[in-house]
Amino acid sequence: MAAEIFALVDADAFYVSCERVFQPRLEGKPCVVLSNNDGCVVARSQEAKALKIPMGARRFELDDFLLRHGVEVFSSNYELYGNFSARMVQTLRRFSPAVEVYSIDESFVSFPPDSDFSALGDRIRRTMKQGTGIPVTVGFGPTKTLAKVAAEFGKKEGGVFDVVDRETRMDALRRLPVGEVWGIGRASVKKLARIGITTAWDLAQLDAPDARRVLTVTGARTVLELQGVSCLPLEQLPSPRKSLCISRSFGRPILIADDLGEILATYASLAAAKLRRSRLEATAMQVWIETSRFAKEVFGRAATIHFDRQTASTPELVKAAVAAAQRLFQPGHLYLRAGVLLFGLVPPQPVQLELFAECYTDKQRRLMTVIDGLNHKYGKQSVFLAVTGFDATWQARANWRSPRYTTRWEELPFVKAF
């Protein structure tokens, strides 16, 4: 018996489920959630999948179909989804302190091998539904990859499934297509098909040398995990960031250099605040601008700025981004997307002052701490640099975004009693 058993707790149609918490009328109805700028479908309810709405389909191509079939459409509401994700993790910590947040809607949890997994899975589902309103699937296995396999079957078999028992595990692996194994991509599926491997069970029969030859070291690790050998420990502490990016499409094409500067100033400001929340500072920044990727002639430019000293100062990062925008801008193009990438991230360190070089001093750090505190207390962007603008008419479209019920006082739901 394994020293520990892993559970994968996976939210069902997470974005749609978040929308349904405050709108019960949506239960049983086909729903889709769109990407930034209301561009493509990024999430679908089971009812929408039954209508064969493809993931990634462009919204404007589906307008008539969605209206004809009564599909409910939502713009992405990442503030709401992120808050629900944090609540789910808090709920899971009531069952075990060993929790790894794998994605916004999935977490791995570790349990003793002698647990009653059926009863435990049911209890997690009930508690999660009662405490957050989000339905989840729970899969148990002696490795993280097998827990993923169990969760796939759990979606079809009552919401809880375990492959701790060897016979159950063998049966599940025989029924699972190799392309649905965690970490096996399309290119690997084609390689494996050429040597007769089409199921997860076939993959688990590979020996170590053949696995490394066909799938590299990472694939060989997946094979061992399918065989019940745990190679991927629970990562309770997130890996240190190596980079941080803010990149979004605009709600309208940009033709003026000053507008582009305002946008990049806003992105740099958001990146700086996020950098400080991660307790990191950047040594370099890349700024880029581009036209629509669907245009006949795609145009884009980028610039990289290296700082004399590490920094997380909003004014310094914004100044560099605005200067880069002025250099990159070329008239005659309809710009539709831009981004700011901070890299070379390091923890804050004492700074040796120099006579001529500008650097991020302890005094500036304290100023940023005060500004972050005010924005946390009174709401985002309560204190901001004027160069980031006041009306932001270029903001990405979100015509169907639901209220941010859990994070904005002004958007709390109202209940009327008669």
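The structure displayed is predicted, hence computed values, not measured ones.
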TODO: Evaluate the ring planes of F108 and W182, with Trp represented by its six-membered ring, and classify them as parallel (under 30°), tilted (30 to 60°) or perpendicular (over 60°).
DONE: tilted
TODO: Kindly assign one of parallel, tilted or perpendicular to the pair F250 and Y267, based on the angle between their ring planes and the thresholds 30° and 60°.
DONE: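 Tilted: the ring planes of F250 and Y267 meet at 30° to 60°.
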Task: Result of checking Y405, F74, F414 against F22 for ring-ring contact (aromatic ring centres under 6.0 Å, His included) - done: Y405
Open item on the list: One thing to verify: whether E281 and R276 come together as a salt bridge, which I'm taking to mean a side-chain N less than 4.0 angstrom from a carboxylate O.
Closed with: no
Might you point out which heavy atoms bring [X] and [Y] nearest each other, and give the distance in Å?
X    : Y    : answer
A312 : L280 : CB-O, 3.7 Å
T388 : E262 : O-CG, 3.2 Å
P315 : M368 : CD-CE, 3.7 Å
S76  : V42  : OG-CG2, 4.3 Å
N375 : S382 : OD1-N, 2.9 Å
R93  : V99  : NH1-CB, 3.7 Å

Would you say the side-chain atoms of [X] and [Y] include a donor-acceptor pair closer than 3.5 Å?
X    : Y    : answer
D372 : T369 : no
R337 : S249 : yes
S17  : D12  : no
T407 : N83  : no
S110 : E4   : yes

If you count heavy atoms of other groups shown closer than 6.0 angstrom to [atom1] of [X], is the number above 12?
X    : atom1 : answer
R174 : CZ    : yes
R25  : CZ    : yes
D64  : CG    : no
H69  : NE2   : yes
R186 : CZ    : no
E410 : CD    : yes

Open item on the list: Between R175 and D171, does the salt bridge (charged side-chain N to carboxylate O under 4.0 Å, His left out) criterion hold? Intermediate values first, please.
Closed with: CA-CA 6 Å; R175 290 192 286 152; D171 178 65; 3.2 Å; yes
TODO: Please step through side-chain contact (heavy atoms from CB on, under 4.5 Å) for the pair D259 and R252, ending with a clear verdict.
DONE: CA-CA 11 Å; D259 288 349; R252 61 176 176 82; 3.7 Å; yes
Task: Between OH on residue Y335 and CD on residue E290, distance to nearest 0.5 Å - done: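 Atom-to-atom, Y335:OH and E290:CD are 11.0 Å apart.
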TODO: Evaluate salt bridge (charged side-chain N to carboxylate O under 4.0 Å, His left out) for E47 paired with R20, printing each intermediate quantity in order.
DONE: CA-CA 13 Å; E47 297 81 5; R20 284 173 167 169; 3.1 Å; yes
Task: Side-chain donor or acceptor of R44 paired with backbone N/O of P54 under 3.5 Å - done: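 Such a contact is absent between R44 side chain and P54 backbone.
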- [ ] Take R59 and D63, measure what salt bridge (charged side-chain N to carboxylate O under 4.0 Å, His left out) needs, and give me the verdict at the end.
- [x] CA-CA 6 Å; R59 191 266 311 161; D63 278 346; 3.1 Å; yes
Task: Worked verdict on Y102 versus E235 for side-chain contact (heavy atoms from CB on, under 4.5 Å) - done: CA-CA 9 Å; Y102 177 66; E235 298 179 6; over 6 Å; no
Task: Pair F384 + F390: ring centers closer than 6.0 Å - done: yes
